[in-house]
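Just so you know, ligand 1 is whichever comes first in the structure, and atom 1 is the first atom listed for that ligand.
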Amino acid sequence: MKCSLLIAGLMSLAVAAQAEILRIKLVQKVGIPIVDAFDSLVSHASSDDSAQVPLSHQQLRYPSGHHTPMNGYYRQIATIELGYPPQSFRVSLDLSSGNSYVVSSECIQLACMAARTYNASASTTNHRDGRTFTLPGSPQGMISEDTLYIGGIEVRHQEFGEALSFFAIGPGLFGFDGSLGLAYDDHRPGSSVTGRTSLVNNLMRNREVDEPIFTLYLGSTRPNGPTGELTIGGLDHRRFSGALTWHKTVERGQWVVPLVGAAFQYGDRMGQILFDRSETRAMVDPDYLYIHLANQAAYSINYRLGATRGNKEEYYHRPCEGVEELEPVAMTVHRTHYWFTPQEYFMKSGDGVTCISIFQQIASTTDEERVARGYDAVLGAVFLRKYYSAYDYGSHLVGFGLAT
Ligand SMILES: *[C@@H]1O[C@H](CO)[C@@H](O)[C@H](O)[C@H]1NC(C)=O
């Protein structure tokens, strides 16, 4: 009897010591630019069940003449629960900050409509100490502490923001309820709503996970293809083939890597475009759909691919005819080439004859804006769908490998 108790005790120790990798399912959402009809936003957001369907191929074939989501309307959504009894929320991953928040049930703004709201008084484990937060632009509110459930584990005393007001449109209209900050928590003012207690920091401190790593797998756009997954605490080796190549981040505190140029494969020869120094800091961010480059870099690549952008047009595009005869193109991060075939770097628009390039110009262009932003380019969802990505807080590295 004693003996079996001892064995049971040892076994539970062994389980506790094992590296824990949290796996969190992701759902992708495509928002519609604000310039589009307001009621289409509302119907998009309120049809909750359809919003749970992973992004299908059909949604990528934008109707011609329509705006494709350029900035900030493409989201990876995870589900978390907060409080006791648990309240469930859809949070959008945020790789550009360490801030996490959900909409508060005390928000009375129109901007908070359509979101599921966090009711602090309905949770017996909530704690507030009167601190408030304001994020640049949007939103603002109170700092709260409660139990958070993610990927099957319970994280006690997690700080997060309870949003009371938004500058413009709140997340509910885009089909989610808040944000989960996954950038470094680097103690700079404004870098985190919750000071030093971002979710990943909390997981590390409580030794809930072994490695200070999270990874992103965006899944497939094919109907019934694999769905996306976020892991925290280690790599998911089922999601990529071969090894990951690791790149040092350009600056501590942001997931920004050196994008030095583009490569073109002509038969067995390779040509290269090297970007200017001012074009080479690329943020890794699945909130963007495309690969967004500084003006000159976007122009040079598209020029070689026969894609142009008229004066009043937002996107580089070309006729689809002949696209399949084009050469593979790579984005060169540090010294590694990440290749794309013509079928991958041109997307057919709804009319079937126009092909939209995945190499697009980044929205803003002035030097001040770039400096304020800290990056010149973005490796968006099209890049991260092909390449599985891993983010190492401990060594300030971003790794990429071919997604399976
Ligand atoms: C929040 O929960 C409390 C306690 O259950 C309840 O009385 C109150 O009506 C709720 N508030 C909202 C806005 O749902």
Side-chain angles (χ1 to χ4, degrees), residues 24-27 29 31-32 34 38-52 72-73 75-94 97-181 192-195 197-199 202-203 206:
I24 300 124
K25 192 183 151 217
L26 295 176
V27 167
K29 280 182 188 156
I32 300 163
I34 291 166
F38 186 74
D39 44 5
S40 77
L41 273 173
V42 175
S43 65
H44 187 74
S46 57
S47 58
D48 201 43
D49 290 335
S50 69
Q52 299 301 318
Y73 302 109
R75 294 286 193 251
Q76 306 296 321
I77 312 282
T79 300
I80 60 164
E81 290 176 313
L82 284 169
Y84 188 82
Q87 304 172 30
S88 168
F89 302 97
R90 304 156 299 176
V91 287
S92 156
L93 306 189
D94 180 2
S97 87
N99 302 316
S100 298
Y101 73 85
V102 289
V103 178
S104 169
S105 64
E106 289 162 43
C107 176
I108 49 164
Q109 273 191 335
L110 200 60
C112 295
M113 68 189 262
R116 296 179 194 159
T117 59
Y118 171 75
N119 184 342
S121 10
S123 169
T124 56
T125 42
N126 170 272
H127 177 73
R128 280 178 188 162
D129 61 10
R131 280 178 300 153
T132 57
F133 73 92
T134 306
L135 295 176
S138 165
Q140 24 186 296
M142 297 166 283
I143 292 181
S144 233
E145 187 189 290
D146 211 332
T147 307
L148 182 149
Y149 303 86
I150 185 166
I153 67 155
E154 177 183 319
V155 188
R156 298 220 182 145
H157 310 297
Q158 177 60 51
E159 285 189 346
F160 57 93
E162 269 189 70
L164 283 175
S165 68
F166 289 86
F167 179 65
I169 284 186
L173 292 176
F174 297 101
F176 56 98
D177 318 304
S179 172
L180 186 67
S192 172
V193 166
T194 48
T197 51
S198 70
L199 171 66
N202 219 357
L203 289 170
N206 300 341

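- In the displayed structure, Tyr149 atom OH is contacted under 6.0 Å by more than 12 heavy atoms of other residues, nucleotides or ligands.
- Looking only at side-chain heavy atoms (C-beta outward), Ser100 and Leu180 come within less than 4.5 Å of each other.
- Nearest to atom 9 (O) of ligand 1 among the protein's heavy atoms is Asn119 ND2, 4.8 Å.
- The protein does not reach atom 7 (O) of ligand 1 closely, with no heavy atom under 4.0 angstrom from it.
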(message) If you apply the rule side chain to side chain donor-acceptor pair (under 3.5 Å), what do you find for Ser179 with Asn99, and how did you get there?
(response) CA-CA 7 Å; Ser179 172; Asn99 302 316; over 6 Å; no
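- Ala122 CB, 4.0 Å is the protein heavy atom nearest to atom 5 (O) of ligand 1.
- Heavy-atom neighbours of Arg128 CZ from other residues, nucleotides or ligands within 6.0 Å: above the threshold of 12.
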